[in-house]
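Throughout, protein chains are lettered first and strands after them, A, B, ... in sequence-line order, and every chain is numbered starting at 1. Computed from heavy atoms alone, side chains included, the values below leave out hydrogens, waters and symmetry copies. These numbers come from a predicted model, not from an experiment.
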Amino acid sequence: MEPYNPRGIEKRWQERWQKEDAFSVERDASKEKFYLLEMFPYPSGRIHMGHVRNYSIGDVLARFLRMRGYNVLHPMGWDAFGLPAENAAINHGIHPARWTEENIAYMRTQLKRMGFSYDWHREISTCTPRYYRWNQYLFLKLYEKGLAYRKESLVNWCPSCSTVLANEQTEEGRCWRCESVVEKKVLMQWFLKITEYAEELLQDTYRLSGWPEKVLVMQRNWIGKSTGAEVDFPVKDSDKKIKIFTTRPDTLYGVTFMSLAPEHPLAAELTSPERREEVEGFIKQVSSLTTRDREASCKEGVFTGSYCINPLTGEAVPIYVANFVLMEYGTGAVMAVPAHDQRDFEFARQYGLPIKVVIHPPERELNPDGMEEAYTEPGVMKDSGPFTGLPSEEAKEKIVEMLEELRMGKKTVNYKLKDWGISRQRYWGCPIPIVYCEGCGTVPLPYQELPVILPLDVNLTGRGLSPLKGHSFVNTTCPRCGRDAQRETDTMDTFVDSSWYFLRFTSPHTEDAPFKREDASYWMPVDQYIGGIEHAVLHLLYARFFTKAMRDMGLADIDEPFKNLLTQGMVCKETKRCPECGYLSDDECQDGRCKHCGREYATGAVEKMSKSKKNTVDPDSIIERYGADTTRLFTLFAAPPERDLEWSEEGVEGGYRFLNRVWRLVTEHLPLIKDVEPYRGGERLDGPLEEIRHMTHRTIKKVSEDMERRFHFNTAISAIMELVNSLYLWNRDKEDEPARMVLKEALQTVVALLSPFAPHIAEELWEKMGNTTPLYRTAWPEYDPKAIEKEEVLIVVQIDGKVRGKLTVPRDATREDVEERALGDEAIARWLEKRTIRKTIYVEGRILNIVTAQR
RNA sequence: GCCGAAGUGGCGGAAUUGGCAGACGCGCCAGAUUCAGGAUCUGGUGGACAUUGCGUCCGUGGGGGUUCGAAUCCCCCCUUCGGCACCA
């Protein structure tokens, strides 16, 4: 008998799919569309297990939905601009363009070797002028709308990547990519006005019912809306005002000092001559610290020598510069109410500043001297002029009203979200289509001059500012006045590229627009998006913003790009650690010892696969050894998609064993089933055959439901395994025609149900069974509702909640029948000897519980 | 500190609406086949006790509760992971 040979089979079917153009799609109004998208990869060189998992999950759905009759758009492309390409150029002298192209070429073959069913005609790469010209086009549109602007600002600077990072791209004061500690720098920067959409981005999170709550919460936190008031505090003996933001206008009467951020423009200005040295020293010291160190240090501050006036009380309070006040949030100035804010409380205690209680709690009296912490809850107003005695929540509104009347403040909503800084001082990215002219200033390029092509002949050193700075690329003429002018040399953040690529996939070859409107209207929104959670507030927020901005520019007609989102878990594996040599890869281990130093190594925690932990597994080696079908099957079987997956070589073996089992089961029975039709209902079957058919159809139901309702591929696969196991145990004579027909139906079902998971072996067996239409063009099996109903059902009999027996009764048995049978059952009767029946509970077709009292 | 998710055999995990806990897989044990090993097939495999038979008791992180019945619902606590964290 022919053994299972994944290599040959997989190659053969991949060639056939390609030849038959099996997965290309067109707009087709007569079919229901389904846009299935997985986050496209950065072409780093080779795919990793995270990609394999992400794309396997996507491919199962794509293949399943196609068989279900949907017109499935399932594209793939490359997020091809980015720093690693440039670093490769610097370290290995290879041009970023070539490096990227070669990586794409290799990774494309890897994806094809996995058998993923993409429409390769739609492949896009963001580093090609044909793609990025539309980036530039969109940038100009945003500029026209006032949604792109340039300003000097304090930015996050990653010294290792030598470029700016957006707020979203730093984590705990470190670069999201290389983990270097981020510095602060003042630079001229292009920004996109994402804050214009803060409210809508926030509100729509409450409508994205197809997204994981976790991601929505993260986005809401990031947007960070808070409602409060802006209040002006005039500076004493000056015409300056300090504007503050507070969420607690009800505590205005309790202000005892003012705190400014060290970067606040008024900080230096308001400092009196005799305090200048101290204040400037303090500011210098604080601003030399990284964000991270600043957050770690304790509360400190210095008095500026100036005072400001509380607009309601007329009282003068001292102005401090304090290290815990952030210039980035609110107005960079905070009215300090030590009695009702913990930070102000600590600061006041440290510097001996007064504490004034203006809200008292319901059941106790607050004594400023005895307080151990600030009282931050609502309460009743006290010592607050006309507001005394009001509940604080009510006073909040009233005080804001009064401020508005006095023109000293107003109700405000503040967001933590900042505008998106997109300038990057690096080479391998999309040029910003802007020209600087001495006469005309900042001039956007006219649309017909796009694309601004990134020059290829550059000298990359990795030092200094953008490599484009000294290049002839810079020199141009002003589109407005025709005189000599200079191009912008910063390139765009690569997150711009990925903020709209899903739209480009709907019409990737369109040359006169970013995409065709009709195509986008037909395909959008993405019905199912799949990717890692690491983009919860990066890519996923930017893409939502772009979609809304494009809608308002009249380019798209949707509010949200991704209807359903699945965030898959990480691929993990245990780590091995040598006390001498650190982390070890599998190759560095032998017989429990480190190959380098011979010491015994310790088996460590199960952690996300990463090069630094040396616990990665190369997909190529797994495909080589077991084939793509096994690789796919294992990643789908080992855990449900949203959970972390623990890699196990034994588990992979198990998957391979299963496919071999299927292979043998089908090929062994080929002679029997070749010349019959699969059973399709009709003539009556005897008991054992009925049972097989019942199993077959129950499996169809179970697999279909697990696939579409829950994406629980692991349980879907286990159901197929059960069917295979029971077919192996079929030990009666299979020669008669009904048996052969039922067998054929069962085997065809196994193969069809398996096909989204392991498409190559499934196609091969399907063909061997005599089918001429390939599975990818075959409809998904439907179950026969009559076949899944059983003539008899199993009733569990409990006595006082404990299982004491089981009865097989006819499906239509009544409660009385079941009770009678139960009481007549010998084992159950024995349990009832010493008890009196109080009542019985009967759940139809499931359980009979007899509740008793001890006699 | 705040918010969220999770905790089930030796391991990965299942139990869809409150109704037989442990499906399926891995590992392990035994049998068949084999000169042998591997592969394959079959059976067993939560714990304790009993294994002369049926079996009995315990068991889903811990404690309490609701219910005829709880892995599932409620309250308290513990642990792990993730996110946020001077946000005024």
Side-chain angles (χ1 to χ4, degrees), chain A residues 3 171-172 212-218 220-222 224-226 228 244-248 251 259 261 294-299 322-326 328-337 340-344 346-347 414-416 533 536-537 569-570 605-606 633-634 637-640 642-655 657-658 660-661 664 702 705-706 709-710 712 714-725 728-729 731 794-806 826-827 830 838-852:
Chain A
E171 292 159 356
E172 295 190 350
E213 192 57 24
K214 184 162 55 160
V215 174
L216 296 173
V217 167
M218 281 164 78
R220 281 172 209 146
N221 286 343
W222 187 260
K225 179 181 182 176
S226 52
I244 61 100
F245 172 75
T246 180
T247 55
R248 296 294 304 274
T251 63
S259 309
R294 244 167 103 164
E295 280 172 11
S297 48
C298 50
K299 289 172 189 54
N323 65 349
F324 65 90
V325 181
L326 307 170
E328 303 89 75
Y329 185 77
T331 61
V334 182
M335 67 176 205
V337 187
H340 305 294
D341 181 285
Q342 187 57 28
R343 290 153 303 178
D344 298 342
E346 286 168 31
F347 194 87
N414 193 61
Y415 299 93
K416 229 171 70 177
I533 191 137
V537 274
M570 299 182 295
V606 175
L633 192 75
F634 170 72
F637 180 62
E642 65 277 6
R643 261 208 252 179
D644 287 352
L645 179 151
E646 188 184 333
W647 187 266
S648 122
E649 193 74 22
E650 291 80 12
V652 178
E653 297 262 7
R657 241 186 328 252
F658 171 66
N660 269 290
R661 236 166 114 76
R664 280 193 307 269
K702 165 88 177 145
E705 286 175 356
D706 281 355
R709 279 227 297 266
R710 316 193 298 163
H712 277 201
N714 55 336
T715 53
I717 293 168
S718 82
I720 304 173
M721 287 173 167
E722 285 182 75
L723 178 56
V724 169
N725 289 346
Y728 261 88
L729 293 177
N731 61 357
L794 185 75
I795 303 285
V796 173
V797 183
Q798 296 184 334
I799 293 168
D800 296 326
K802 298 201 176 205
V803 180
R804 297 301 182 197
K806 288 166 192 185
E826 196 190 323
R830 227 179 36 237
R838 270 200 300 168
K839 64 170 171 173
T840 59
I841 287 133
Y842 179 63
V843 181
E844 205 183 310
R846 295 198 114 132
I847 205 159
L848 174 71
N849 191 6
I850 303 168
V851 186
T852 71

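Between A:Glu650 atom CD and B:G10 atom C1' there is a gap of 13 Å when expressed in whole angstrom units. The distance between atom CE of A:Met721 and atom P of B:G12, rounded to the nearest whole Å, is 17 Å. The CG atom of A:Asp344 sits 10 Å away from the C1' atom of B:C86 (whole-angstrom rounding). Whole-Å rounding puts the A:Glu649 CD to B:G12 P distance at 18 Å. One atom, CD1 of A:Ile720, and another, P of B:A14, lie 16 Å apart when rounded to the nearest Å. Protein atom CG of A:Leu633 is 12 Å distant from nucleotide atom P of B:G25, rounded to whole Å. Nucleotide B:C84 holds its P atom 17 Å from the OH atom of A:Tyr329, rounded to whole Å. As a whole-Å value, the separation of A:Arg838 CZ from B:C68 C1' is 8 Å.
As judged by a 4.0 angstrom heavy-atom cut-off over every strand, A:Gly330 is placed among residues making no nucleic acid contact. A:Val851 comes within 4.0 angstrom of sugar-phosphate atoms only, judged by non-hydrogen atoms across all strands, and of no base. Within the 4.0 angstrom heavy-atom criterion, base atoms lie near A:Val325. A:Arg220 comes within contact range of no nucleotide atom at all, as no heavy-atom separation falls under 4.0 Å.
The side chain of A:Glu722 approaches B:C24 more closely than any other nucleotide in the set B:C24, B:A88, B:C26. Minimum atom distance to the side chain of A:Phe637 is reached by B:C24, of the listed B:U56, B:C24, B:C26.
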Study note, to complete from the structure: Reading nucleotides 15-21 of chain B from 5' to 3' and marking B where a protein heavy atom lies under 4.0 Å of the base, S where only the sugar-phosphate is that close, and - otherwise, the string is SB--BB-

Practice item. Any chance you could list the contact pattern along nucleotides 38-49 of chain B? Use B for base contacts, S for sugar-phosphate-only contacts and - for none, protein heavy atoms under 4.0 Å, 5' to 3'. Key: --SSSS------

Contact list (N/O, under 3.5 angstrom) for nucleotides 63-67 of chain B vs protein:
none

Close N or O pairs between protein and nucleotides 32-34 of chain B (under 3.5 Å):
none

Please tabulate, one pair per line, each protein N/O and nucleotide N/O from nucleotides 2-9 of chain B that are separated by under 3.5 Å, including the distance.
none

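At least one side-chain heavy atom of A:Ile533 sits under 4.5 Å from a side-chain heavy atom of A:Lys214. Put simply, the side chain of A:Ile244 does not reach to within 4.5 Å of the side chain of A:Val334, judged on heavy atoms. Taking 4.5 Å as the limit, some side-chain heavy atom of A:Asp344 sits within range of a side-chain heavy atom of A:Phe324. A:Glu346 is listed as a side-chain neighbour of A:Gln342, based on a closest heavy-atom distance under 4.5 Å. Between A:Ile847 and A:Ile795 the shortest side-chain heavy-atom distance does not fall below 4.5 Å.
The side chain of A:Ser648 contributes no N or O atom lying less than 4.0 Å from OP1 or OP2 of B:C11. Between A:Asn714 and the phosphate of B:A14, there is a side-chain N or O to OP1/OP2 separation shorter than 4.0 Å.
With rounding to the nearest 0.5 Å, the separation of CZ in A:Arg248 from CE in A:Met335 is 8.5 Å. Here NZ of A:Lys416 is found 10.5 Å from CG of A:Leu326. Values are rounded to the nearest 0.5 Å. Distance check: A:Arg657 CZ to A:Asn660 CG gives 9.5 Å after rounding to the nearest 0.5 Å. One distance of note links CZ of A:Arg804 with CG of A:Asn849; it measures 11.0 Å at 0.5 Å rounding.
Residues A:Met218 and A:Val537 approach most closely at O-CG1, 3.5 Å, considering heavy atoms. Minimum interatomic distance between A:Lys299 and A:Asn323 (heavy atoms only, all atoms of both residues): CA-OD1, 3.6 Å.
Among the duplex regions that RNA chain B forms, those built from at least three successive Watson-Crick or G-U pairs under 3.5 Å are B:1-7 with B:78-84, B:10-12 with B:24-26, B:27-32 with B:40-45, B:46-49 with B:55-58, B:61-65 with B:73-77, ordered by first number.
A distance of about 25 Å separates the C1' atoms of B:C86 and B:C81, rounded to the whole Å. Rounded to whole Å, the separation between the P atoms of B:U67 and B:A5 comes to 27 Å. With both ends at atom P, the span from B:U17 to B:G83 equals 30 Å, rounded to whole Å. Comparing the C1' positions of B:C77 and B:G19 gives an interatomic distance of 29 Å, to the nearest angstrom. Comparing the C1' positions of B:G44 and B:G7 gives an interatomic distance of 29 Å, to the nearest angstrom. Taking the C1' atom of each, B:G46 and B:C41 are spaced 27 Å apart, rounded to whole Å. Spacing between B:C26 and B:G13 at atom P, rounded to whole Å, works out to 16 Å. With P as the reference atom, B:G55 and B:C68 are 29 Å apart, rounded to whole Å.
Residues meeting the side chain to side chain contact (heavy atoms under 4.5 Å, CB included) test with A:Ser226, sequence neighbours left out: A:Phe245, A:Thr247, A:Tyr329, A:Asn414. Residues passing the side chain to side chain contact (heavy atoms under 4.5 Å, CB included) test with A:Asp706, sequence neighbours excluded: A:Lys702, A:Arg710, A:Thr715, A:Ala716. By the ring pair (Phe, Tyr, Trp, His ring centres under 6.0 Å) test, A:Phe634 pairs with A:Trp647, sequence neighbours left out. Under the rule for a side chain to side chain donor-acceptor pair (under 3.5 Å), A:Asn714 has no partner lying at least two apart in sequence or in another chain. Partners of A:Leu216 under the side chain to side chain contact (heavy atoms under 4.5 Å, CB included) rule, at least two apart in sequence or in another chain, are A:Thr205, A:Leu208, A:Trp211, A:Glu213, A:Arg220. Take A:Asp644 and apply the side chain to side chain contact (heavy atoms under 4.5 Å, CB included) test, not counting sequence neighbours, and it matches A:Met570, A:Cys572.
Nearer the 5' end of RNA chain B, as judged by each residue's closest nucleotide, is the contact made by A:Met218, out of A:Met218 and A:Thr247.
Within a 6.0 Å sphere centred on CD of A:Glu844, heavy atoms belonging to other residues, nucleotides or ligands number 12 at most.
Applying the 90° cutoff around 0 to the glycosidic angle, B:G4 is assigned anti.
Between A:Arg343 and A:Asp341 there is a salt bridge, with a side-chain nitrogen of the basic residue lying less than 4.0 Å from a carboxylate oxygen of the acidic one.
Of the residues listed (A:Leu645, A:Val652, A:Ile717), the one engaging A:Phe637 in a side chain to side chain contact (heavy atoms under 4.5 Å, CB included) is A:Ile717, and it is the only one.
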